[in-house]
Asker: 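Below is a structure I'd like to ask you about.
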Amino acid sequence: MKRKNLVISLISGIIFGFLLHKGGATKYDVIVGQLLFTDNTVIKIMLSAVVTGSVGIYFLKEFKIVKLYPKSGSFGLNSVGGLIFGVGFALLGYCPGTIAGAVGNGYLDAAIGGVAGIMLGSYFYAGLYPKAFKKLSEFGNYGSRTIPELLKVNPWVIIFALVCFTISLFMILEVSGA
Amino acid sequence: MGLFTHVRWSPYLAGSLIGILSWFTFIFLKKPIGCSTAFARTAGIIGKLFGNKKIDQMEYFKQFEPKVDWEIVFVIGIVIGSFISALLSGDLEIMSVPVTWERYYGGSFILRLIAAAAGGVFLGFGARMAGGCTSGHGISGAMQLTISGWISAIFFFIGGIITAHIIFPGGGIL
């Protein structure tokens, strides 16, 4: 891997970690608070990032400055894997990105228990791959398609809907003081 | 420098800047932000260090080679960035048991470590099965409007919300 890219990766990671901490997402009580609906910080950060990112990425794509890197998947893998991930999300109280931020923040449960657990879980998966997941990967296989491709509409229609939805949700959250 | 010494920024500001950061990773790295694959590769690297010769034959590690790649460097960057922000804002603290956990399960660090490690196993396994995590699917996938990203993100939260309410009956307030 090129040295230039490693430097850019490191700087991007530092900025990401800085922003995760500033947003409050490196804290267990904030993340678990989202899952318990007592703290909406996480959803505010995520949807702000998704909307801002979406507008920018699709704009840059119009000018052929970037291309998309859509991940392929199937309903079987994404839903079952997602639910298993969710169990861990609540029990650990961090996700793979925010746990790195939690380590930097000084949280020992993340640094000692959590990181080791994530690696162990990934290793278990690798041991069972690919045989154990063949059936699930074929169930509802949508490949790397995007929502606009599925619905056969212009991506900006979806982005517009997403922006409207997000702004409405944020206004409701702010007005209700949540 | 005032802004940098604030412990917390508006989540809307932090989130929007994360969105802008991803424009730059698309342009310069030609990659969307993601974190969980780094843990899988590192698991493979550690396995090899301990002399596990099976690793190179495992189908998964043929596709995701156990070596240091941009994502591992990125995750190390997250640790540094969060550390810098915490340090600048006086928020750096050594904490072993989080508040919500302690309220329900007491201050035992061992118990919290076991729960964190068990949670980590589910998280790591689920992330690999879904093909990404809250960053790769929930932020990067969702912003590209992929079906896999949105379905995964929705199920991350369904699983998380149900589990959190089982672990903390009464919604975190005893």
Side-chain angles (χ1 to χ4, degrees), chain A residues 9-10 13-14 17-19 21-23 26 28-29 35-36 41 44-45 48-50 52-54 56 66 68 70-71 73 78-79 81-92 95-97 100-101 103-109 113-114 117-119 121-123 125-126 129 142 146-147, chain B residues 9 11-12 14-16 18-19 22-23 26 35-36 39-40 43 60 70 73-75 77-79 81-83 85-86 93-94 96 98 100 112-113 116-117 119-126 128-130 133-135 139 142-148 151-152 155-156 159-160 163-164 171-172:
Chain A
S9 303
L10 185 66
I14 291 173
F18 190 93
L19 293 171
H21 176 265
K22 283 282 175 263
T26 59
Y28 174 96
D29 295 303
L35 300 176
L36 294 169
T41 303
K44 288 175 188 172
I45 295 175
S48 301
V50 168
T52 312
S54 210
V66 304
L68 299 185
K71 288 187 179 196
N78 293 143
S79 63
L83 288 175
I84 296 172
F85 182 96
V87 172
F89 197 17
L91 201 51
L92 173 57
C95 55
V103 172
N105 211 156
Y107 303 147
L108 299 178
D109 58 334
I118 299 175
M119 290 198 284
S122 311
Y123 187 77
Y125 179 85
Y129 182 84
Y142 32 65
T146 64
I147 295 169
Chain B
W9 289 357
Y12 303 120
S16 303
I18 289 171
S22 57
W23 305 349
F26 268 84
C35 295
S36 59
F39 289 86
Y60 184 83
W70 77 275
V73 176
F74 181 79
V75 171
I78 297 176
V79 178
S82 172
F83 176 81
S85 173
E93 52 176 352
I94 300 295
S96 49
T100 312
R112 174 57 199 147
L113 269 190
V121 171
F122 280 102
L123 196 77
F125 192 94
R128 293 289 39 84
M129 194 167 175
C133 62
T134 341
S135 319
I139 293 181
M143 77 171 61
Q144 296 181 75
L145 308 176
T146 60
I147 306 172
S148 60
I151 297 288
S152 302
F155 279 94
F156 293 162
T163 310

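Note that the structure is a prediction, hence the values are computed from the model and not measured. Reminder, nothing fancy here: chain letters follow the sequence lines and each chain counts from 1.
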Asker: Among B:A164, B:A117, B:S148, B:S22, which has the most heavy-atom pairs under 4.5 Å with chain A?
Answerer: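 With the most close heavy-atom pairs to chain A, the winner is B:S148.
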Asker: Looking at A:D29, A:L10, A:V103, which makes the most heavy-atom pairs under 4.5 Å with chain B?
Answerer: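 Most heavy-atom pairs under 4.5 Å with chain B: A:D29.
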Asker: Using a cut-off of under 4.5 Å for heavy-atom pairs, which of B:S36, B:G19, B:A40 has the most such pairs with chain A?
Answerer: B:G19
Asker: In terms of heavy-atom pairs under 4.5 Å, which option from A:A126, A:P96, A:A90 contacts chain B the most?
Answerer: A:P96
Asker: Start with the C-alpha gap between B:S82 and A:H21, add the side-chain angles, then the distance that decides, and say whether side-chain hydrogen bond (donor to acceptor under 3.5 Å, both in side chains) holds.
Answerer: CA-CA 5 Å; B:S82 172; A:H21 176 265; 5.3 Å; no
Asker: Taking C-beta and beyond as the side chain, do A:V66 and B:W23 meet within less than 4.5 Å on heavy atoms?
Answerer: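 The answer is no; the side chains never approach within 4.5 Å.
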Asker: Select, from A:L83, A:L35, A:L108, the one with the greatest count of heavy-atom pairs under 4.5 Å involving chain B.
Answerer: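 Sorted descending by pairs with chain B, the first entry is A:L35.
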Asker: Looking at B:T100, B:L145, B:T146, which has the largest count of heavy-atom pairs under 4.5 Å with chain A?
Answerer: B:L145
Asker: Begin with the C-alpha distance, continue with both residues' side-chain angles, and end with the deciding distance and a verdict on side-chain hydrogen bond (donor to acceptor under 3.5 Å, both in side chains) for B:R128 and B:Y60.
Answerer: CA-CA 10 Å; B:R128 293 289 39 84; B:Y60 184 83; 2.7 Å; yes
Asker: If you take all heavy atoms of B:F26 and A:L68, which pair is closest and at what distance?
Answerer: CE2-CA, 4.4 Å
Asker: For A:V87, which atoms come within 4.5 Å of any heavy atom of chain B: side chain, backbone, both, or neither?
Answerer: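 Both parts, backbone and side chain.
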Asker: In terms of heavy-atom proximity below 4.5 Å to chain B, should A:T26 be classed as side chain, backbone, both, or neither?
Answerer: side chain
Asker: So A:Y107 and B:E93, do their side chains get closer than 4.5 Å, heavy atoms only?
Answerer: yes
Asker: State, to 0.1 Å, how close B:P11 and A:S48 come at their nearest heavy-atom pair, and which atoms those are.
Answerer: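 Shortest heavy-atom separation between B:P11 and A:S48 comes out as O-OG, 4.2 Å.
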Asker: Are any of the side-chain heavy atoms of B:W9 and A:L19 separated by less than 4.5 Å?
Answerer: yes
Asker: For the interface with chain B, which of A:I84, A:L36, A:I147, A:T41 has the highest count of heavy-atom pairs at distances below 4.5 Å?
Answerer: A:L36
Asker: Would you call B:F122 and A:L92 a side-chain contact if the rule is heavy atoms closer than 4.5 Å?
Answerer: no
Asker: Could you tell me which of B:T163, B:L113, B:I151, B:I147 has the largest number of non-hydrogen atom pairs under 4.5 Å with chain A?
Answerer: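 Highest number of pairs under 4.5 Å: B:I147.
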Asker: Between B:A14, B:S135, B:G160, which residue shows the highest count of heavy-atom pairs closer than 4.5 Å to chain A?
Answerer: B:G160
